[in-house]
Amino acid sequence: PARLGVPDAVPGAAPQFEPTLLVVRRAQTELADAAQRLGLRVAHEVFADRGYAGNGRLLPRGQPGAVIESLDAAIAQVRELALHGRVRVAGGETIALRADTLCLHGDRSDAPQFARAVRAALEAEGVRVAAL
């Protein structure tokens with residue numbers, strides 16, 4: 001029999017336990033792709049305060065641009081993702097990136113203010129903020 005790698009095995013087993021499962025995964029990952037191939041519902045997660053590489057993956061922490069500290073820059077990234085489905089990556093190029101859900105890091109020193117500002121910016125653009 002064929003052997004499955006983790007990206008296929010995990011979502012492949014999930015419907016046996018919970019057929020209505022919603023898989024929340026970072027956009028541009030093998031697990032998200034595998035879950036979709038298996039017919040599971042997938043919410044592609046993007047990040048307000050993390051930088052992206054040209055392949056759509058997060059820049060490794062410690063690399064310049066990996067963490068977006070500026071509220072204005074983070075809001076600009078969130079707007080671009082929510083309204084246009086694209087993100088500016090390291091090097092300045094813009095790529096398409098599916099965004100169904102947004103991750104806000106709670107370990108920021110300004111996490112509550114950051115979350116309120118991001119929500120206000122999205123709602124000002126007509127984006128409806130809702131639970132999955």
Side-chain angles (χ1 to χ4, degrees):
R3 291 173 43 130
L4 296 175
V6 171
D8 290 307
V10 172
Q16 298 172 34
F17 301 103
E18 179 53 58
T20 62
L21 180 73
L22 173 64
V23 177
V24 178
R25 287 300 303 158
R26 280 189 326 252
Q28 304 290 103
T29 63
E30 292 177 20
L31 188 59
D33 293 344
Q36 282 188 296
R37 280 194 308 275
L38 293 167
L40 293 173
R41 295 180 317 131
V42 176
H44 296 264
E45 182 179 42
V46 294
F47 294 78
D49 60 355
R50 289 294 309 277
Y52 284 88
N55 62 2
R57 304 228 175 166
L58 295 175
L59 290 171
R61 287 191 182 267
Q63 184 172 330
V67 178
I68 301 170
E69 299 289 340
S70 161
L71 175 62
D72 291 339
I75 287 175
Q77 176 164 292
V78 167
R79 279 187 180 123
E80 196 68 15
L81 284 161
L83 299 174
H84 306 292
R86 61 187 182 218
V87 68
R88 185 170 308 279
V89 299
E93 177 186 1
T94 300
I95 64 165
L97 191 64
R98 182 172 170 180
D100 299 317
T101 185
L102 178 65
C103 178
L104 302 178
H105 288 103
D107 60 349
R108 292 176 61 105
S109 62
D110 64 343
Q113 299 88 347
F114 183 82
R116 282 192 291 274
V118 168
R119 181 180 188 129
L122 288 171
E123 288 176 341
E125 294 289 347
V127 175
R128 186 175 66 89
V129 178
L132 289 176

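What you see below is based on every heavy atom in this structure, not just the backbone, and it leaves out hydrogens, waters and symmetry mates.
The cluster map of Ile, Leu, Val, Met, Phe, Trp and Tyr, joined by side-chain heavy atoms under 4.5 Å apart, puts Val24 and Val118 in different clusters. Both Val46 and Leu122 belong to a common hydrophobic cluster when Ile, Leu, Val, Met, Phe, Trp and Tyr are linked at side-chain heavy-atom distances under 4.5 angstrom.
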Validation: residues 49-58 side-chain donor-acceptor distances under 3.5 Å, sequence neighbours left out:
residue	atom	partner	partner atom	Å
Asp49	OD1	His105	ND1	2.8
Asp49	OD2	His105	ND1	3.4
Asp49	OD2	Arg108	NH1	3.3
Arg50	NE	Ala66	O	2.8
Arg50	NH2	Leu59	O	2.4
Tyr52	OH	Phe47	N	2.9
Asn55	OD1	Arg57	N	3.0
Arg57	NE	Gln28	O	3.0
Arg57	NH2	Gln28	O	3.4

Review item, side-chain donor-acceptor pairs of residues 123-132, under 3.5 Å, at least two apart:
residue	atom	partner	partner atom	Å
Glu123	OE2	Arg119	NE	2.9
Glu123	OE2	Arg119	NH2	3.4
Glu125	OE2	Arg79	NE	3.3

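Here CD of Glu69 is found 8.5 Å from CG of Asp110. Values are rounded to the nearest 0.5 Å. Once rounded to the nearest 0.5 Å, the distance linking NE2 of His44 with OG1 of Thr101 reads 11.5 Å. Expressed to the nearest 0.5 Å, how far CD of Gln77 lies from CG of Leu102 amounts to 9.0 Å.
Partners of Thr94 according to the side chain to side chain contact (heavy atoms under 4.5 Å, CB included) rule, which considers only residues two or more places apart in sequence or in another chain, are Arg86, Arg88.
Pairing each heavy atom of Ile68 with each of Ala74, the nearest pair is CG2-N, 3.6 Å. Taking both residues in full, the closest heavy atoms of Ala117 and Ile75 are given as O-CD1, 3.8 Å, listed atom of the first, atom of the second, then distance.
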Query - Intermediate values then yes/no, side chain to side chain contact (heavy atoms under 4.5 Å, CB included), Val42 and Leu22 - result: CA-CA 6 Å; Val42 176; Leu22 173 64; 5.7 Å; no

